[in-house]
Amino acid sequence: MTRSVSQAEQYLDKCAYAYFLRRVEGVSPRPAAWSHQGTAFHSACEAFELSGRQMTAEDAVELFSTEYSDAVNKSLDKEPDTDRWMTAGPDGVSDIEARYVLGRQQTAAYVTWAKDNGPQLWKAPDGVPGIELHLTASIGGIRVQGYIDQLVAEPDGSVRIRDLKTGSTKSRFQLQTYAVLVRKALGLEVNAGDWYQARKGGLTRPVDLSGVTEDEVGERYAEMDQAVKRAEFPARPGFNCRFCDVSHACSLRR
């Protein structure tokens, strides 16, 4: 079984029973417009970077629009009742519409930011840039995978982990995991990571990853992996129930 940041954080930091419902019982999660917004934004940014930053902002925005609309329509086919959608707005329809507009603005802003600031992306020996890298490695004896949004080349020869965020949630554990994955899978030096925050149109302060070790990251994956294999899925009802996409299948929610 290959583990991931989202699995570990759902089990250890949010609710192990939600993990059980989603990943063991196979409960279909409620759709959320913010998820489609994030995915479409990533697709547009990836296409822009792969074009060597030659793609126009208009074309990037159009790509976002297409990807977002397609994803929303597929979710509407499965769950047409938007009152059952997860939303941060007054209602599902308003949230879907608002995130279409917001995502277009964020995509255009990223293109402008990238062209103005010109971050140098790391490139593999075959010339493939470090964008949306899927890496897998053993961390503390547990097989772990991750999708890294961007690897940025630093002047000293190391690389920086960069994660693109359309929302406000940031995970230091995600950056730590990716640092270990990059070191093990690619043999590169990693000393820092940061987030591009689409809501603000810029970068966060860098996070020091130089002292992050495989052992400390691996401890969390081992803890989660062993508990799952023991079939231990304690519920943790509380604040996170408001943001749980499988709460409709849970009798313990608050």
Side-chain angles (χ1 to χ4, degrees), residues 4-7 9-10 13-15 18-19 21-23 25-49 55 57-114 131-132 146-150 162-171 174 195-202 204 238-250 253-254:
S4 67
V5 172
S6 62
Q7 289 182 33
E9 291 188 326
Q10 182 178 42
D13 302 329
K14 296 177 182 177
C15 178
Y19 177 103
L21 291 173
R22 175 80 178 273
R23 304 176 190 276
E25 289 291 284
V27 172
S28 296
R30 289 184 292 154
W34 65 62
S35 176
H36 298 321
Q37 176 196 351
T39 299
F41 175 79
H42 277 74
S43 295
C45 293
E46 179 183 5
F48 168 71
E49 293 291 358
M55 176 183 281
E58 290 76 13
D59 286 342
V61 169
E62 184 61 29
L63 177 57
F64 167 86
S65 303
T66 300
E67 293 271 341
Y68 179 80
S69 298
D70 287 348
V72 167
N73 287 331
K74 288 180 181 178
S75 288
L76 285 171
D77 287 341
K78 295 180 180 178
E79 180 49 83
D81 184 358
T82 55
D83 288 339
R84 291 176 57 84
W85 283 47
M86 298 183 69
T87 176
D91 58 77
V93 172
S94 298
D95 198 42
I96 290 171
E97 294 173 347
R99 290 181 184 281
Y100 176 82
V101 175
L102 179 60
R104 287 170 59 89
Q105 294 170 345
Q106 290 177 342
T107 300
Y110 176 83
V111 171
T112 299
W113 174 84
I131 303 170
E132 293 296 329
Y147 288 86
I148 301 174
D149 291 342
Q150 295 180 355
R162 177 158 295 157
D163 198 53
L164 309 183
K165 291 294 184 186
T166 52
S168 59
T169 301
K170 302 188 297 294
S171 168
Q174 182 182 36
W195 294 275
Y196 173 85
Q197 291 187 297
R199 296 176 65 180
K200 298 181 178 180
T204 64
F239 178 76
N240 283 326
C241 294
R242 298 175 57 191
F243 310 99
C244 178
D245 57 7
V246 291
S247 62
H248 56 286
C250 179
R253 68 184 183 277
R254 288 182 182 173

Quick one: does [X]'s side chain have a donor or acceptor within less than 3.5 Å of a partner on [Y]'s backbone?
X      : Y      : result
Thr204 : Trp195 : yes
His248 : Ser28  : yes
His42  : Asp149 : no
Thr112 : Ala108 : yes

List the residues meeting salt bridge (Lys or Arg N to Asp or Glu O under 4.0 Å) with Arg22, not counting sequence neighbours, and say none if there are none.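 With neighbours one apart ignored, the set is Asp245.
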Any residue meeting salt bridge (Lys or Arg N to Asp or Glu O under 4.0 Å) with Glu9, in chain and number order, not counting sequence neighbours: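 By the salt bridge (Lys or Arg N to Asp or Glu O under 4.0 Å) rule, Glu9 matches no residue at all.
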Start with the C-alpha distance between Lys14 and Phe243, add both sets of side-chain angles, then the distance that settles side-chain contact (heavy atoms from CB on, under 4.5 Å), and finish with yes or no. CA-CA 10 Å; Lys14 296 177 182 177; Phe243 310 99; over 6 Å; no
To check you understand the geometry: which heavy-atom pair defines the closest contact between [X] and [Y], and what is its length?
X      : Y      : answer
Cys250 : Leu21  : CB-CD1, 3.8 Å
Met55  : Ala47  : CE-CB, 3.8 Å
Gly202 : Trp113 : CA-NE1, 4.2 Å
Val111 : Phe48  : CG1-CE1, 3.7 Å
Ala44  : Leu63  : CA-CD2, 3.8 Å
Ser171 : Val5   : OG-CG1, 4.4 Å

Distance from [X] atom [atom1] to [Y] atom [atom2], nearest 0.5 Å?
X      : Y      : atom1 : atom2 : value
Arg99  : Gln106 : CZ    : CD    : 8.5 Å
Gln150 : Glu46  : CD    : CD    : 9.5 Å
Tyr68  : Gln37  : OH    : CD    : 7.0 Å
Ile131 : Glu49  : CD1   : CD    : 5.0 Å
Gln105 : Arg199 : CD    : CZ    : 13.0 Å
Thr39  : His36  : OG1   : NE2   : 7.5 Å

Parallel, tilted or perpendicular, judged at 30° and 60°: which one describes the rings of Phe41 and Tyr196?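 Rings of Phe41 and Tyr196: parallel, as their planes differ by under 30°.
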Using the ring of each side chain (for Trp, its six-membered ring), is Phe64 parallel, tilted or perpendicular to Tyr100, with breaks at 30° and 60°?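 Geometry flag for Tyr100 against Phe64: tilted rings.
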From Thr87, Asp95, Asp91, Leu76, residue fulfilling side chain to side chain contact (heavy atoms under 4.5 Å, CB included) relative to Thr82: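 Passing option: Leu76.
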Minimum side-chain heavy-atom gap Val72-Trp85 below 4.5 Å: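 Yes, their side chains come closer than 4.5 Å.
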Please assess Arg30 against Glu79 for the test side-chain contact (heavy atoms from CB on, under 4.5 Å), listing each intermediate value before the final yes or no. CA-CA 8 Å; Arg30 289 184 292 154; Glu79 180 49 83; over 6 Å; no
In sequence, state the C-alpha distance, the side-chain angles, and the governing distance for Lys170 and Gln197, and then conclude on side-chain contact (heavy atoms from CB on, under 4.5 Å). CA-CA 9 Å; Lys170 302 188 297 294; Gln197 291 187 297; 3.7 Å; yes
